[in-house]
2 protein chains.
Amino acid sequence: MSAAQTRQHIVEAADRLFYERGFEATSFADIAVEVKLSRGNFYYHFKTKDEILGAVISVRLEKTREMLNVWAAEGREPGERIRSFIQMLIMNRAKIMLYGCPVGTLCSELAKLDHVAKDDAGKLFTLFRDWLASQFSALGRKKDADNLAMHILMRSQGVASLATVFRDEAFIRREVDDMTAWLEAQRPAN
Amino acid sequence: MSAAQTRQHIVEAADRLFYERGFEATSFADIAVEVKLSRGNFYYHFKTKDEILGAVISVRLEKTREMLNVWAAEGREPGERIRSFIQMLIMNRAKIMLYGCPVGTLCSELAKLDHVAKDDAGKLFTLFRDWLASQFSALGRKKDADNLAMHILMRSQGVASLATVFRDEAFIRREVDDMTAWLEAQRPAN
DNA sequence: GTCTATACGAAGATAGAC
DNA sequence: GTCTATCTTCGTATAGAC
């Protein structure tokens, strides 16, 4: 196994465990077991836990950029692209009901830990925010595009949060419909 | 110092630290330092960390019930009472921007830990949910009162989440105004 | 590049003196 | 009811053999 491959496996396992169990609650041993590596070898690839976190955030940023590019390419108009964002709540509903939003819960945990990487994790939100704002601009809402982006981000976070507490899929679907209706109402009058 | 007093001090300190640092990240030693107790003595009052968590949730449930009773007594009509809930975001904005919503972040952490007390923590949300639903019923929206309650709970969670990430007080105020306007629009036509 | 062995400190928890 | 001392386990991290 090449070092690059092993490293990638470590980051993938860490990414999943940080999401499902939380950053603090995930130990080196947990990740090592997952990747079928000895703890000793583990340190060949990553010196500290913060280093793994940095790599995980880095990978998440890259995957998010790719996803936003796909949505931009596939959507024929801004409204359709924003709906791709909204639909994430449906697509990932099973995991969201168990572990919440991967971005929101990580940022929340790092904020409490006052962790050095908390601002880096926040960049994940900034990616969505800027992309959504540019879609609202294209929709003809240039002046308040950022406010609208923050509003829809806010809703997705709120839905994820309550979906985890109440394990209620009908609630998710209801709020997704409501967000979609809200989105339609944001199109400027011709 | 009586045992009851000491116990209360422990729970108060734990409550604050669990909120500010998270449950996992808070150690017995952290709480003991805060209360100026030796770790040994600490175990006279609480045998396990989960026991402290149980006491903290218990106290929070009681304080929440009291707060809701005050809002119900002070508000002259349901709309005013619901606005008391919305205004929490403004009242607690400084702490929310640092640590998020105390209820939402605790539930999120316990969900990831798959902690035995996760459902008890969820009861905090249920208190707000039921209270809000009864206010929407009184407002004349009996049929969809629970959906409206969940919607406004969702918004408050979303606002708290993004407020922590972006440390943006203007965003909080904007969304509070938007929630208040939304609330006015929910009054059934006469 | 992977392993075993091990050091070291932090955290949860207990025993027993005062 | 509070203390010190101690035990154990776990988590981070290192050294060095293969």
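First the proteins, then the strands, lettered A, B, ... as listed; each starts at 1.
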* So do the side chains of A:Leu113 and A:Phe23 get within less than 4.5 Å of each other, counting heavy atoms only? -> yes
* **Gap between atoms CZ and P, on A:Arg39 and D:dT14 respectively (whole Å)** => 14 Å
* **Separation of D:dT12 P from A:Glu24 CD (nearest whole Å)** => 8 Å
* To do: For B:His9 and D:dG1, give me the distance from atom NE2 to atom C1', rounded to whole Å.
  => 15 Å
* Which class fits the ring pair B:Trp182 and B:Phe136: parallel under 30°, tilted 30 to 60°, perpendicular over 60°? -> perpendicular
* Distance in angstrom units between A:Ile31 CD1 and D:dC10 P, rounded -> 17 Å
* Asked: Should B:Thr6 be listed as having a side-chain N or O under 4.0 Å from OP1 or OP2 of D:dT2?
  -> yes
* Salt bridge check: are A:Arg83 and A:Glu184 linked by an N-O gap of less than 4.0 Å? -> yes
* To do: Send over the distance from A:Lys36 NZ to C:dC3 C1', rounded to a whole Å.
  => 17 Å
* Is A:Glu109 salt-bridged to A:Lys118, cutoff N-O under 4.0 Å? -> no
* Can you check salt bridge (charged side-chain N to carboxylate O under 4.0 Å, His left out) on A:Arg173 and A:Asp177, steps first, answer last? -> CA-CA 6 Å; A:Arg173 294 189 182 278; A:Asp177 289 347; over 6 Å; no
Pairs of donor and acceptor atoms involving the side chains of residues 63-82 of chain A, under 3.5 Å and at least two apart or interchain, shall be tabulated with distances.
residue	atom	partner	partner atom	Å
A:Thr64	OG1	A:Arg60	O	2.7
A:Arg65	NH1	A:Glu62	OE1	3.1
A:Asn69	ND2	A:Arg65	O	3.3
A:Arg76	NE	A:Glu80	OE1	3.3
A:Arg76	NH2	A:Glu80	OE1	3.2
A:Glu77	OE1	A:Gly79	N	3.0
A:Glu77	OE1	A:Arg187	NH1	3.2
A:Glu77	OE2	A:Glu80	N	3.0
A:Glu77	OE2	A:Arg187	NH2	3.4
A:Glu80	OE1	A:Arg76	N	3.4
A:Arg81	NE	A:Ala72	O	2.9
A:Arg81	NE	A:Gly75	O	3.1
A:Arg81	NH1	A:Gln135	OE1	3.3
A:Arg81	NH2	A:Gly75	O	3.1

* Output the residues of residues 40-50 of chain A in contact with DNA chain C, where contact means a heavy atom of the residue under 4.0 Å from an atom of the strand; sort by number or write none. => A:Gly40, A:Asn41, A:Tyr44, A:His45
* Spacing between A:Phe23 atom CZ and D:dG11 atom P, to the nearest angstrom -> 13 Å
* **Contacts of B:Phe171 that satisfy ring-ring contact (aromatic ring centres under 6.0 Å, His included) - sequence neighbours left out** => none
* Among C:dG12, D:dG11, C:dG1, find the nucleotide with the atom closest to the side chain of B:Phe28. => C:dG12
* Asked: Between atom CD in B:Glu51 and atom C1' in C:dG12, what is the gap in whole Å?
  -> 13 Å
* Asked: CG of B:Leu53 versus P of C:dG12: gap in Å, rounded?
  -> 13 Å
* To do: Pick base, sugar-phosphate or nothing for B:Ser38, based on heavy-atom distances below 4.0 Å to the nucleic acid.
  => base
